[in-house]
Every structure is written in structure tokens, then in C-alpha cells.
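See below for the structure under consideration.
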Amino acid sequence: MDLWDREREKNFFLDTLKSFASPEQLFYKLEDTYYAYIPKGFSAKGQVLQSRNSLIGHYTEKWCQKILAPIAHKLGLHAVQGVICEDIALTRQSPADVAFCTTPVAEQEAKNVKLIFEIKMSIVSNYRYDVQTRTISYYGDYTTHQGNPSLLRSDSMLKAIGKAINIRVSGDKASGIPLLVIGNSPITESYIEKVDFLKESGVIQGFWSLNPYPSESKSFLKRTPKKGFLTFENYEELEKACFSLLSTPFFYFSSMKTKKELGRIIAIASKESTDIERAEKFLALLRE
DNA sequence: AGAGCACCGCAAAACTGAAG
DNA sequence: CTTCAGTTTTGCGGTGCTCT
């Protein structure tokens with residue numbers, strides 16, 4: 001199975017054109033040429049293409065569900081789109097894009113949700129569309145056009161982090177559920193330390209790019225030192241990462257306590273006889 | 001270079017108000 | 001009081017582009 005590449009992007013355009021969309025809904029028309037993005041040096045003259053947004057959003061979420069489905073299956077789980085679970089802040093208006101669940105239905109109980117994915121993918125490279133031949137041709141990578149794709153946008157990162165925090169602060173029921181953000185671009189320099197800290201502190205278990213070659217000419221960021229951000233080279237790496245996340249149960253916790261309180265909690269918890277029991281006691285006391 | 005504002009299309013949820 | 005059609009609000013989606 002292939003990860004994200006230019007063929008997927010071309011297929012998005014061709015599939016969507018074939019089924020119902022007009023070229024005007026998917027491309028910018030500049031000097032009688034259809035472009036996926038505004039190339040640097042051109043101007044969209046204030047108008048922003050909006051009609052493509054939900055289409056590409058839906059397409060990438062569906063694509064992720066498909067590529068994750070066999071992995072979920074090997075774990076005895078299901079990759080479900082649009083998961084709703086009020087207990088962990090996944091409402092009808094703001095569901096999980098994709099989640100691994102024990103049953104294949106959208107409405108879930110918290111204990112049956114095992115892994116949550118937030119999808120933040122878009123068209124990465126630029127393309128031109130030929131109306132006569134109805135073909136798509138590659139025009140340039142993401143450095144050649146104006147808008148930034150996927151996780152290179154600061155507000156995409158903020159939206160993903162915000163959604164994750166919203167789940168983490170919804171209560172205890174989401175504490176054992178890993179949260180992943182999936183994109184198809186690198187991240188910016190300024191988020192390197194932040195994604196690593198988010199991983200170290202347990203808020204978000206990773207930002208994963210499923211696009212091995214977002215740019216062929218330029219070098220790009222493939223991973224961060226503590227692996228808060230990773231670019232997968234192939235399907236097997238993605239599979240391995242999912243497996244390892246679910247191999248050991250873990251628990252998210254956070255707190256703001258005085259040293260005295262913390263010391264008391266540790267002292268009491270340390271009287272338990274095993275590491276697991278000590279951890280359980282510690283977490284229980286933390287929440288008193 | 002990149003943070004973040006301003007957009008707009010769409011769909012579902014929430015609200016409003018008039019009719020029964 | 002309930003119903004229900006119509007209207008407003010909310011939130012997701014990804015984009016261009018200014019300003020620091």
C-alpha cells in the first residue's frame with residue numbers, strides 16, 4: 001500500500017471532476033490556465049478559492065480511514081470516521097476525524113475508543129489542469145506557490161493542538177487514549193520544540209506526515225529530535241508506529257500542586273508494593 | 001520566514017415565532 | 001402547550017496575504 005504522493009493529489013482532482021465538480025470549483029483560473037495554487041508572483045486579486053476546501057478535507061479523511069483500516073484490523077479494531085463520544089469532547093459538531101474503536105459504529109463509549117487521529121492534510125504541490133485533454137500536470141512543489149499546505153500552516157497546528165487539549169481537559173475518560181495528528185507536509189522550524197514537548201508531556205503522541213516526498217528538490221524536515229514529528233517512508237513504518245502506541249497502556253496526567261502536596265502524595269503512593277500499584281495510587285491521589 | 005487575520009462554502013444544530 | 005418551517009448561529013474545512 002502506498003502513502004501520500006502526487007498521484008493521490010492528481011486522483012483527487014480527476015475523481016472529483018469526474019463525479020460532479022467543475023474546474024472552477026477546484027482550480028484558480030489565471031490567464032486562461034487552471035492552477036491548483038496561486039504560483040508565486042501571480043495574484044488571486046483578493047478572491048480565495050473556497051469551494052475546494054470541504055472536498056479535499058473529506059477526500060483526505062476518507063483516504064486515511066482506508067489506509068488505517070488494515071492496521072486497525074490487525075489490532076482487532078476498526079478505523080471509524082466521524083467518531084462521536086460526548087464524554088471525551090467528541091461532539092456531533094466536532095467529531096474525531098478517524099479513530100480506532102472496538103466496534104465499527106460512529107457513536108462510541110469512551111472505553112471503546114483506543115486511538116484518535118486528527119487529519120490535517122491538503123493538496124501539497126501545484127498542478128495545472130488542461131481543459132481540452134482533461135489531464136492534470138505537475139507544476140511545482142509547495143515552495144513555488146503562495147499558500148502553505150497542511151501542517152506548515154501555523155493555524156493548522158493551533159487548530160490541531162486546540163482540539164487535542166479540548167479532549168485532554170474533558171475529564172479522566174480520555175486519559176488513556178493516544179492522540180495523533182496526521183498531515184502530509186513537514187512542519188515549520190518554530191514548531192520543532194513544541195511538538196517534542198507536546199509528546200514528552202503526553203498531550204499529543206505525535207504529528208505524523210504520511211507524505212515521504214513533499215519536495216523532490218529541496219531538503220525538508222523529516223523528524224524532530226524526540227520524534228514528536230515523524231515522516232513515514234513507507235506503510236510498514238506507519239503500521240509499526242501504530243502498533244507500538246497500543247502495545248502498552250499509558251496514562252496522561254497533569255497537575256499544578258505545591259511541592260509539599262506532591263511530596264505527601266509520593267510518600268503515600270510509594271508504600272504500595274508494585275510499580276503499577278504505586279502509579280495507580282499516585283494518580284488517584286493526584287485527582288483528590 | 002512564518003504567525004495569524006480575514007475569508008467563504010457548507011451542513012448541522014440551535015433558536016424563533018406563528019399556527020394549530 | 002406542541003409543531004414545524006424558516007432563520008440564525010456555530011464549527012469544520014483550507015485558502016490568500018499582510019505585517020512583523
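In what follows, chains are A, B, ... by sequence order, proteins preceding strands, each numbered from 1.
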Sequence neighbours left out, what passes side-chain hydrogen bond (donor to acceptor under 3.5 Å, both in side chains) with Gln108(A)? Give chain and number order.
-> Thr103(A)

On DNA chain B, more 5' by nearest nucleotide between Lys40(A) and Asn53(A) is Lys40(A)

Rounded to whole angstrom units, what separation is found between the NZ atom of Lys29(A) and the C1' atom of dT15(C)?
-> 20 Å

Would the number of heavy atoms belonging to other residues, nucleotides or ligands and lying under 6.0 Å from NZ of Lys226(A) be above 12?
-> no

What's the CG-P distance between Leu152(A) and dG2(B), to the nearest Å?
-> 8 Å

Validation: residues 72-89 of chain A side-chain donor-acceptor distances under 3.5 Å, sequence neighbours left out:
from     : atom 1 : to        : atom 2 : distance (Å)
Lys74(A) : NZ     : Glu239(A) : OE2    : 3.0
His78(A) : ND1    : Thr102(A) : O      : 3.4
Asp87(A) : OD2    : Lys173(A) : NZ     : 3.0

Scan Tyr34(A), Tyr35(A), Tyr28(A) and name whichever one has a ring-ring contact (aromatic ring centres under 6.0 Å, His included) with Tyr139(A).
-> Tyr35(A)

Between OH of Tyr142(A) and P of dG16(C) the distance, given in whole Å, is 16 Å

Please give, in whole Å, the distance from dT15(C) P to Leu26(A) CG?
-> 12 Å

Assert yes or no for the condition that the ring centre distance of Phe117(A) to Phe100(A) is strictly below 6.0 Å.
-> yes

5'-most contact on DNA chain B (nearest-nucleotide basis), Glu189(A) vs Ser54(A), goes to Glu189(A)

Closer than 4.0 Å, any side-chain N/O of Ser122(A) to the OP1 or OP2 of dT15(C)?
-> yes

Taking the side chain of Ile38(A) as heavy atoms from C-beta outward, which of dG2(B), dG16(C), dA13(B) is closest to it?
-> dG16(C)

Tyr37(A) vs His145(A) aromatic rings, parallel, tilted or perpendicular, using cut-offs 30° and 60°?
-> parallel

In whole Å, what is the span from the CZ atom of Phe220(A) to the P atom of dA1(B)?
-> 18 Å

Under 3.5 Å, is there a donor-acceptor pair between the Thr224(A) and Asp196(A) side chains?
-> yes

Distance test, side-chain N/O of Arg52(A) to OP1/OP2 of dG13(C), below 4.0 Å | no

Per-pair distances, 0.1 Å, donor-acceptor, side chain in residues 204-211 of chain A, under 3.5 Å, sequence neighbours excluded:
from      : atom 1 : to        : atom 2 : distance (Å)
Gln205(A) : OE1    : Arg168(A) : NH2    : 3.0
Gln205(A) : OE1    : Leu179(A) : N      : 2.8
Gln205(A) : NE2    : Gly202(A) : O      : 3.0
Ser209(A) : OG     : Asn211(A) : N      : 3.2
Asn211(A) : ND2    : Asn184(A) : O      : 3.0

Is Met157(A) touching bases, backbone alone, or none of the nucleic acid, heavy atoms closer than 4.0 Å?
-> nothing

Protein and nucleotides 4-7 of chain B: nitrogen or oxygen contacts under 3.5 angstrom:
from   : atom 1 : to        : atom 2 : distance (Å)
dG4(B) : N7     : Ser154(A) : OG     : 2.9
dC5(B) : N4     : Asp155(A) : OD2    : 2.5
dC7(B) : O2     : Gln50(A)  : NE2    : 3.2

So what does Tyr59(A) touch, heavy atoms closer than 4.0 Å: a base, only the sugar-phosphate, or nothing?
-> nothing

Backbone N or O of Leu151(A) within a donor-acceptor pair of the Ser185(A) side chain at under 3.5 Å?
-> yes

Could you state the atom-to-atom distance from CD of Gln81(A) to P of dG13(C) in whole Å?
-> 11 Å

For atom CD of Glu9(A) and atom P of dG14(C), their distance in whole Å = 13 Å

Are OP1 or OP2 of dG16(C) and a side-chain N or O of Tyr37(A) less than 4.0 angstrom apart?
-> no

Could I get a table of every N or O pair under 3.5 Å where one atom is in the protein and the other is in nucleotides 8-12 of chain C?
from    : atom 1 : to       : atom 2 : distance (Å)
dG11(C) : O4'    : Gln93(A) : OE1    : 3.2
dC12(C) : OP1    : Ser94(A) : OG     : 2.9

Check: residues 154-162 of chain A side-chain donor-acceptor pairs under 3.5 Å, at least two apart:
from      : atom 1 : to        : atom 2 : distance (Å)
Asp155(A) : OD1    : Arg153(A) : NE     : 3.4
Ser156(A) : OG     : Ser150(A) : O      : 3.4

Using atom CD1 of Ile123(A) as one end and atom P of dG16(C) as the other, report the distance to the nearest whole Å.
-> 12 Å

